[in-house]
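Notes follow the structure.
Residue numbers start from 1 in every chain, and the chains themselves are labelled A, B, ... in the order their sequence lines are given, proteins ahead of strands. Values in this document were obtained by computation on a predicted structure and should not be read as measured data.
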Number of protein chains: 2
Amino acid sequence: MARQDLLTGLQSTGARMTRQRRAVLQVLQESDEHLDAAAVYDQVRARDPRISLATVYRTLALLKREGLVNEHRLGQSHAHFEAAPRSPHYHFSCLGCGRVIEFDAPEVARVVRRLAEEQGVRVRETHLSITGYCAACRSAQGLGEERCGSANG
Amino acid sequence: MARQDLLTGLQSTGARMTRQRRAVLQVLQESDEHLDAAAVYDQVRARDPRISLATVYRTLALLKREGLVNEHRLGQSHAHFEAAPRSPHYHFSCLGCGRVIEFDAPEVARVVRRLAEEQGVRVRETHLSITGYCAACRSAQGLGEERCGSANG
DNA sequence: TTACCTGCAAAGGGTTTGCACTTTG
DNA sequence: CAAAGTGCAAACCCTTTGCAGGTAA
């Protein structure tokens, strides 16, 4: 899925371009996955150990503030990040293996529009997060019946 | 919105009914809001101080495991809980005042069904969480332009 | 040069857990 | 009575912050 160019994006905000920030940007840009702060930290240090976890957090907060990355809570207690996609998309995450499937769903935009009209709210962000078991985990573990059809936003 | 009867629900799981658990169930049942663990703790203690925060967490975890309450991450760092509604619904939460608006949106069930078919996944939970500013906060603060139309699931 | 950025280590908030004691069934 | 549940306090994880030193522009 096409994502923003983070380097250009950050430069245009007037923030200084440091070695550490460049490294974080590269890792996020080149990754197709949803990385948590520790994963970003590890991947940056694999190339160049001269960065601290605090700087990773500070950089992620900066990028989020500037709208260049999105933060997700994929059912876990800690946050995951990804370079902001150009077009909206949503997430399914597998409770078995942790795999994340991204998908688009134009219906959601319609729901949001209706909400904005009926309630007079201004929408900033929309997260549709579905959890369950992916096809591989279902066949591997032969899962029995779960509470299906339950939905809660 | 109609919710499950927690007391009956928990009894049917075989869990023991203690004074503390009964109090937590009552608080959740009688509340229309989305309570966090601290709020449940406070409300229970207002009636009877003989409960610890640890027990509140343990009870909430139990109820969640049994599908009697749902846990939400409404954009904040900590979790909120509510007695599981009989019918699915979703949340808008205001970044200004914290107000939560519940709403239903049948389109979402369609999205979920399509995802299940196309990807072969089994769905356990669906969260649609929209953040922004409610009508009251918009008029009170006369907010300028934000990044609108951005959607990320 | 100087405002901004970093590393370190400590603090912070929310949540979980080990253990000895209490209570339910 | 045995198994399950509780309180306390310490531990835990993820994240943020104060401060002294470093660095981009």
Whole angstrom is fine here: how far is it from CZ in A:R50 over to C1' in C:dC8?
17 Å
Hey, does the side chain of A:T18 come within less than 4.0 Å of C:dC4's phosphate (OP1/OP2), counting only N and O?
no
Write down the distance between CZ (B:R22) and C1' (C:dG25), rounded to a whole number of angstrom.
13 Å
Nearest-nucleotide check on DNA chain D, B:L62 vs A:R73; residue mapping nearer the 5' end is B:L62
Starting at atom CD1 of A:I51, determine the distance to atom P of D:dT23, rounded to an integer number of angstrom.
14 Å
For B:L25 and D:dG5, what is the distance between atoms CG and C1' respectively, to the nearest whole Å?
14 Å
Using only side-chain N and O atoms of A:T55, determine if any of them is under 4.0 Å from OP1 or OP2 of C:dG7.
yes
Does the side chain of B:Q20 get closer than 4.0 angstrom to OP1 or OP2 of D:dG7 through an N or O atom?
yes
B:L53 atom CG is separated from C:dG14 atom P, nearest whole Å, by 10 Å
Could you tell me whether the side chain of A:R19 and the main chain of A:R50 form a donor-acceptor pair under 3.5 Å?
yes
Side-chain contact test, heavy atoms from C-beta onward, threshold under 4.5 Å: evaluate it for A:L28 versus A:L63 and give yes or no.
yes
Over how many whole Å does the gap from A:L60 atom CG to D:dT15 atom C1' extend?
11 Å
The reported gap from CD1 in A:I130 to OG1 in B:T126 (rounded to nearest 0.5 angstrom) is 4.5 Å
Got a second to check how far A:R45's CZ is from A:L53's CG, nearest 0.5 Å?
8.5 Å
By nearest-nucleotide position on DNA chain C, the 5'-leaning member of A:R58 and B:S77 is A:R58
Expressed as a whole number of angstroms, how long is the span from A:E71:CD to D:dT15:C1'?
10 Å
Check every atom of C:dG7, D:dT16, D:dT6 against the side chain of A:Y57 and return the nucleotide holding the closest atom.
D:dT16
Could you state the atom-to-atom distance from NE2 of A:H78 to P of C:dT15 in whole Å?
15 Å
Does D:dG5 have OP1 or OP2 under 4.0 Å away from a side-chain N or O of B:R21?
yes
Nearest to side-chain heavy atoms of A:R16, which nucleotide of C:dG7, C:dA3, C:dT15:
C:dA3
Salt bridge check, A:E82 against A:K64: does any charged N sit closer than 4.0 Å to a carboxylate O?
no
Looking across every strand, which nucleic acid part, if any, lies under 4.0 Å from A:A79 by heavy atom: base, sugar-phosphate, or nothing?
sugar-phosphate
